[in-house]
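Proteins get letters first, then strands, A, B, ... in listed order; numbering begins at 1 in each.
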Protein chains: 2
Amino acid sequence: MTKYEQISNEMRKRIKEGTYSIDHPIPDELSLAKEFGCSRMTIKRALDILVMEGLLYRKRGHGTFIVKSGIQGNQVNVVDKENLGLTGLLKHKKITSKIIQFDVLFPSEEVAAQLSIDSNTPVYHIIRLRNVEGEPFVIEETFMPTNVIGGINEEVLHSSIYQHISQTLGLTIGGAHRKIRADKPNELDQEYLDCAPDDPILEVEQVAYLNTGIPFEYSFSRHRYDKFVFTTVNIRR
Amino acid sequence: MTKYEQISNEMRKRIKEGTYSIDHPIPDELSLAKEFGCSRMTIKRALDILVMEGLLYRKRGHGTFIVKSGIQGNQVNVVDKENLGLTGLLKHKKITSKIIQFDVLFPSEEVAAQLSIDSNTPVYHIIRLRNVEGEPFVIEETFMPTNVIGGINEEVLHSSIYQHISQTLGLTIGGAHRKIRADKPNELDQEYLDCAPDDPILEVEQVAYLNTGIPFEYSFSRHRYDKFVFTTVNIRR
DNA sequence: CAGTGGTCTAGACCACTAC
DNA sequence: TAGTGGTCTAGACCACTGT
């Protein structure tokens, strides 16, 4: 844990606990530097994190203030929490997976383009039904290049692909591009998600990247409309 | 324009133009500091921007590399481009607005909570149908505190509220929290969006904030499912 | 070992705001 | 004028990597 992270955590705690008045600026950076026994740059960096989290804002010439609406709500680190896969998102919930399809094939033109591979590179093709607490939740169709990921088997598919990537393969997930849309249910949705012909579907199309910028996943997640909300936090810099 | 911004821009240009080999690290930070006649910290800060944009990635002990998929695609500053309102998102398209409802009322408990105001503060209540190129696109229901925004009239509603906020009122938009879900169409949707009873709706619920952290808008945007895709870019730090 | 990026310092000057 | 945050410097040491 770096010093600026420690200070950042301590300041977050103080802000949430109400240590500082909400109508006045928090102590200035030089004072905090003296208190924490560090340089002003380190304080600045620690506070930068809280500004990015939406907990503080700065006014040049005035000081640094607490964002009133930022205190309530316990969404600590919301900004970074996003691309962790279903298993990461829903801890403390019981997730089971049913493998509907699992094969290796040559990618279509579209899939090859999204994964930045040529059509001779085989890809895993996986369709899974994910149940949360025993209830059908989402159907995920996933394409992954075999030469980037590798080692996928039924055991992995029954637990978490993301865990396999980060822990077994030692790769770091870098980010994702997503498209979110509403759609009518297809036959697969109606069969496995147990939804009526007029129940909408929330589809998330995603290309996920390693921190090297190499795409490792192209997927479509089709959610029951009554059980899933996609949440984003956007903070201007 | 600060020095680190200038350097960041110059480096972005070089990367896109192919000045540096894509298979080797770009020059190390000390060399760049010498070339640009600045300290290493300033170089680091300039490169931080490009890392956040997904154009570069770092490997401790190795160097700094170009993200291959980051070169193609001209999505400069994608990350910041998001919350600009419909008018900002769809430039070059002809947008017209039909005002379905426009009044001032005392907020419900839910609306007051989202806007962090008490129930005695009046809010604008606006329902607009937005047409793109003459076709119905989205119904927006918006609540805004009169004491934060002010000066809303029919003329503003027919053009762009966001423009009014930033240009006329001189306020800066800071960020937004959004929830995206699929839903069945209600009567208003069917009437104005011209959709069938089994056409899904993509709803975006949003609380938008000024850079001071004060919420200024709580809104629900209900889109035709065949005309709108919500896109996000997520880059891990 | 040398070379890379990650963190941190102690201080400087500037831009903006209030008094 | 005094006080704030914004930027920048010229170094330092550490953590990690490959040879």
Measuring from A:I180:CD1 to A:Q206:CD, what's the distance to the nearest 0.5 Å?
->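 Answer rounded to 0.5 Å: 9.5 Å.
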When rounded to the nearest 0.5 angstrom, what distance separates OH in B:Y20 from CZ in B:R14?
-> 4.0 Å
Spell out, as yes or no, whether a donor-acceptor pair under 3.5 Å connects the side chain of B:H223 to the backbone of B:L202.
->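 Checking the backbone N and O of B:L202 against the side chain of B:H223, a donor-acceptor pair under 3.5 Å is found.
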When you check the gap from the basic side-chain N to the acidic O, do A:D48 and A:R58 get nearer than 4.0 Å?
-> yes
Using whole Å, what does the distance between atom [atom2] of nucleotide [N] and atom [atom1] of [X] come to?
X     : N      : atom1 : atom2 : result
A:E29 : C:dT9  : CD    : P     : 14 Å
A:F65 : C:dT17 : CZ    : P     : 12 Å
B:H24 : C:dT4  : NE2   : C1'   : 16 Å
A:K34 : D:dT4  : NZ    : P     : 10 Å
A:L47 : D:dT4  : CG    : P     : 14 Å
A:F36 : C:dT9  : CZ    : P     : 12 Å
B:M41 : C:dC13 : CE    : P     : 19 Å
B:I26 : C:dG5  : CD1   : C1'   : 11 Å

Closer than 4.0 Å, any side-chain N/O of [X] to the OP1 or OP2 of [N]?
X     : N      : result
A:T42 : C:dT7  : no
A:R45 : C:dT7  : yes
B:H62 : D:dG18 : yes
B:Y4  : D:dT7  : yes

So what does B:K44 hit on the nucleic acid, given a heavy-atom distance under 4.0 Å: a base, only sugar-phosphate, or nothing?
->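 Counting heavy atoms under 4.0 Å across all strands, the contact made by B:K44 includes a base.
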Aromatic ring proximity A:Y218/A:F216, centre distance under 6.0 Å |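 No; A:F216 has its ring centre 6.0 Å or more from that of A:Y218.
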Looking at [options], which one has an atom nearest to any side-chain atom of [X]?
X     : options                : result
A:T2  : C:dC16, D:dT9, C:dT7   : C:dT7
B:R40 : D:dG11, D:dA12, C:dA15 : D:dA12
B:R58 : D:dT9, C:dT9, C:dG5    : C:dG5
A:K3  : C:dG5, D:dC8, C:dC8    : C:dC8
A:S39 : C:dG5, C:dT9, D:dT9    : C:dT9

If you find the nucleotide of DNA chain C closest to A:I43 and the one closest to B:R60, which residue's nucleotide is nearer the 5' end?
->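 Result: B:R60.
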Along DNA chain C (nearest heavy atom to each residue), the more 5'-positioned of B:L30 and A:C38 =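 Result: B:L30.
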